[in-house]
Protein chains: 2
Amino acid sequence: MNRTASIKDVANHASVAVGTVSNVLNYPDRVSQRTKERVLRAIDELGFVRNDAARQLRAGHSRTIGLIVLDVGNPFFTSVVRAAEDAAALQGSAVLLGDSGHNAGREANYIDLFQEQRVQGLLISPVGDVTERLDLLRERGVPTVLVDRLADEEKFSSVSVDDDAGGYLAARHLLDTGRRRLAFVGGSTTIRQVWDRLEGARRAVKEEPDATLEVLESDGMTVLAGRSVGNTLVERDRADLPDGVFCANDLLALGIMQSLTMTHTFRIPEDIALIGYDDIDFAVSAVVPLSSIRQPTEALGRTAIELLAEEVESGHPRHRAVIFTPELVVRQSTGEPDAK
Amino acid sequence: MNRTASIKDVANHASVAVGTVSNVLNYPDRVSQRTKERVLRAIDELGFVRNDAARQLRAGHSRTIGLIVLDVGNPFFTSVVRAAEDAAALQGSAVLLGDSGHNAGREANYIDLFQEQRVQGLLISPVGDVTERLDLLRERGVPTVLVDRLADEEKFSSVSVDDDAGGYLAARHLLDTGRRRLAFVGGSTTIRQVWDRLEGARRAVKEEPDATLEVLESDGMTVLAGRSVGNTLVERDRADLPDGVFCANDLLALGIMQSLTMTHTFRIPEDIALIGYDDIDFAVSAVVPLSSIRQPTEALGRTAIELLAEEVESGHPRHRAVIFTPELVVRQSTGEPDAK
DNA sequence: GCGAATCTTTGAATCGTTTCATTGTTACGA
DNA sequence: TCGTAACAATGAAACGATTCAAAGATTCGC
């Protein structure tokens with residue numbers, strides 16, 4: 001055997017017309033029991049597998065959805081991807097996954113590839129601004145949903161998470177557990193997410209007249225950056241020390257935790273409460289389990305698929321922007337300070 | 001505009017034959033400058049995008065390669081995927097990624113899907129044993145390369161990493177830096193990888209007449225499992241303590257490090273040297289930067305694509321099993337013990 | 001036993017590309 | 001000026017599935 005069998009081969013082998021084979025595959029009820037069995041046997045004997053390209057050509061569209069993320073290695077996206085795949089599977093579609101790696105060139109390649117594949121639609125968490133290429137897509141009628149990025153509802157549907165609300169949630173939690181001298185640690189506040197989280201925190205702090213918020217810029221958002229911030233804290237006078245620290249992500253928080261626990265100068269959470277953002281796997285297994293803000297990644301992925309389906313089915317591009325609120329996860333690192 | 005333009009529309013718009021448009025796309029040299037410009041303008045004006053389904057139907061095969069991994073969230077696979085994508089892009093193919101999540105059902109779905117897509121070939125890190133379905137694939141002539149799993153060369157090509165060598169490397173390093181009472185920490189040794197790493201370690205220890213190797217089973221391979229192993233170590237008499245601990249993965253090692261640094265009873269690396277496996281991102285930013293064994297994931301992904309290309313091009317299924325040797329990464333957690 | 005209604009099966013047309021034998025055009029040397 | 005070689009452009013056929021109008025078979029009531 002050299003070539004893979006076609007529907008025609010199956011038809012010959014079972015002595016029926018090609019239309020009948022197609023019916024067995026797509027509308028089994030239209031076919032009599034006898035012929036159905038004969039055809040199925042032929043399919044089995046020849047090892048026939050449908051050629052999706054031919055199907056798709058006839059149908060005019062594919063059964064796949066394109067998904068382009070900034071970084072598959074990032075647990076946030078990994079989780080979104082998984083949820084999207086599951087949701088797509090439920091409606092009989094498959095997901096083609098592309099990883100742009102924050103690189104506009106790779107992103108463009110995937111967009112082109114997916115267009116050639118005639119995907120039903122595209123989910124994308126775009127590199128930088130919404131580009132010309134994306135606008136082109138829209139004009140060409142490829143339904144597109146932006147992921148983790150709020151979009152002009154005139155142009156795109158989108159799913160995103162309210163970072164301001166997340167920042168509020170974190171700061172409010174520190175305040176609610178009695179802390180008053182808060183600090184925010186983040187990389188450059190020119191990153192929109194960081195800025196929004198800080199704004200949310202500021203909003204919460206304003207609600208308490210006796211509370212203050214200090215901003216500590218870090219050099220990046222890594223564990224090591226966190227550690228060096230932590231080291232400057234350790235040097236301070238106790239009176240000058242914040243009693244609640246909110247980090248723009250968990251890595252920073254873990255770094256700070258390292259320097260505090262290494263030196264044994266201050267205790268977590270008694271002297272300093274610590275809360276991060278993202279709730280990565282490591283948060284729960286830190287030396288002191290880390291409180292964090294969890295983003296509803298599964299809901300993001302699932303909803304993105306649903307919004308896409310809406311657009312595909314309606315045909316009329318009525319866009320929606322769905323914004324999710326993140327969730328507070330309390331662990332030991334922000335335990336009650338009076339539980340000393 | 002409702003329908004996307006076809007090559008025929010372009011031909012009309014540019015007043016040429018469809019064959020000419022095709023030539024512009026595929027063999028630009030065969031077309032005169034004048035017509036080429038006219039056609040390209042038409043393509044631009046109509047927003048024409050090739051229909052890959054039709055191409056593929058005509059060509060008989062696609063330009064995509066299927067890749068099924070056990071877990072996209074696992075940094076090991078993430079890295080393999082990235083390398084495979086890059087290598088595939090170099091030869092003009094795209095990678096369709098599937099995540100089986102260690103689930104045989106999902107794996108089967110992806111195998112079927114990819115067959116319908118007529119992928120050029122399949123890279124797969126299979127769930128459990130090499131299944132019937134995989135054998136079927138082979139019989140149907142779909143070139144297949146197993147990833148991270150040694151295969152019978154009669155049947156499949158494969159790329160894998162020599163875990164025995166990795167275990168040897170780790171133990172040898174501990175011995176070379178003067179440790180003599182080694183311990184191996186791993187989850188169930190029924191996992192092949194764990195068993196091989198242990199065997200490699202045993203081989204190294206046998207080379208030193210005065211060295212011993214103790215095996216500590218952990219309940220899983222997580223940070224928390226490591227911490228509970230660490231806690232039992234802390235309880236021991238100093239005389240009874242291993243002076244070099246080799247963990248079957250980095251998570252275990254980080255857990256042990258946590259319990260040792262929390263109690264401050266023993267110092268790393270002076271009292272106990274610690275080495276992990278996988279060299280995850282967190283290894284470098286641990287409280288004491290963790291020595292580890294790094295697996296050549298990029299090489300795995302790249303080579304898998306190359307082996308596949310070999311099979312596709314030759315047509316003759318001559319299989320090869322490529323085995324990589326992992327690499328020792330020395331950090332502070334195994335620093336010289338005499339550097340006290 | 002007959003006609004109508006229902007159920008099965010048929011096969012040509014179609015989707016959009018690539019291929020390739022054929023036809024048309026141009027350039028050049030004799 | 002003519003013949004030929006090199007170059008350009010043409011358009012029908014093919015890929016493999018689905019669709020659908022039409023033909024053929026079966027069932028049923030009377």
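In what follows, chains carry the letters A, B, and so on, assigned in the order in which the sequence lines appear, proteins first and then strands, with residues in each chain numbered from 1.
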Q: May I have the step-by-step check of side chain to side chain donor-acceptor pair (under 3.5 Å) for Ser93(B) and Gln120(B), ending in yes or no?
A: CA-CA 9 Å; Ser93(B) 305; Gln120(B) 295 181 303; 3.0 Å; yes

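For Ser6(A), the side-chain atoms get nearest to dA17(D) when compared with the rest of dA17(D), dT19(C), dT18(D). Distances from the side chain of Thr35(B) to the nucleotides dT10(C), dT8(C), dA9(D) place dA9(D) closest. Considering only side-chain atoms of Leu25(A), the nucleotide from dT10(D), dT18(D), dG16(D) that sits closest is dT18(D).
Between Leu67(B) and the choices Val80(B), Ile305(B), Val145(B), Val95(B), the side chain to side chain contact (heavy atoms under 4.5 Å, CB included) rule is met once, by Val95(B).
Spacing between atom CD1 of Ile43(A) and atom C1' of dA17(D) amounts to 13 Å, rounded to whole angstrom units. In this entry the distance linking CD of Gln33(A) with C1' of dT26(D) reads 17 Å, nearest Å. The distance from atom CG of Asn26(A) to atom P of dG16(D) is 17 Å, rounded to the nearest whole Å. As a whole-Å value, the separation of Asn12(B) CG from dT17(C) P is 13 Å. Per the geometry, CG belonging to Asn23(B) stands 9 Å off C1' belonging to dT19(C), to the nearest Å. Rounded to an integer number of Å, the gap from CD of Glu116(A) to P of dG16(C) is 15 Å. Look at CG on Asp9(A): it is 13 Å from C1' on dA17(D), rounded to the nearest Å. The CZ atom of Arg34(A) sits 12 Å away from the C1' atom of dT8(C) (whole-angstrom rounding).
In this structure, Tyr27(A) reaches the dT19(D) phosphate: one of its side-chain N or O atoms is under 4.0 Å from OP1 or OP2.
Using a 4.0 Å heavy-atom criterion, one finds that Ser32(B) contacts the sugar-phosphate atoms exclusively. Here Val16(A) lies in heavy-atom contact (under 4.0 Å) with sugar-phosphate atoms only. Base contact: Ser22(A) has a heavy atom under 4.0 Å from a base atom. Looking at heavy-atom distances under 4.0 Å, Val31(A) makes contact with sugar-phosphate atoms alone, never a base.
Listed by residue number, Leu57(B), Arg58(B) are the residues of residues 48-63 of chain B with a heavy-atom contact under 4.0 Å to DNA chain D.
Looking at Asp278(A) and Arg294(A), no side-chain N of the basic residue comes within less than 4.0 Å of a carboxylate O on the acidic one, giving no salt bridge. A salt bridge links Arg106(B) and Glu85(A); the closest N-O separation between the charged side-chain nitrogens and carboxylate oxygens is under 4.0 Å. For Asp52(B) and Arg118(A), the salt-bridge test fails: no basic side-chain N is under 4.0 Å from an acidic carboxylate O. Between Arg82(A) and Asp71(B), at least one side-chain N (NZ, or NE/NH1/NH2) sits under 4.0 Å from a carboxylate O, which counts as a salt bridge.
Expressed to the nearest 0.5 Å, how far CZ of Arg50(B) lies from OG of Ser6(B) amounts to 13.5 Å.
Closest-nucleotide positions on DNA chain D for Arg30(A) and Ile7(A) were compared, and the one nearer the 5' end corresponds to Ile7(A).
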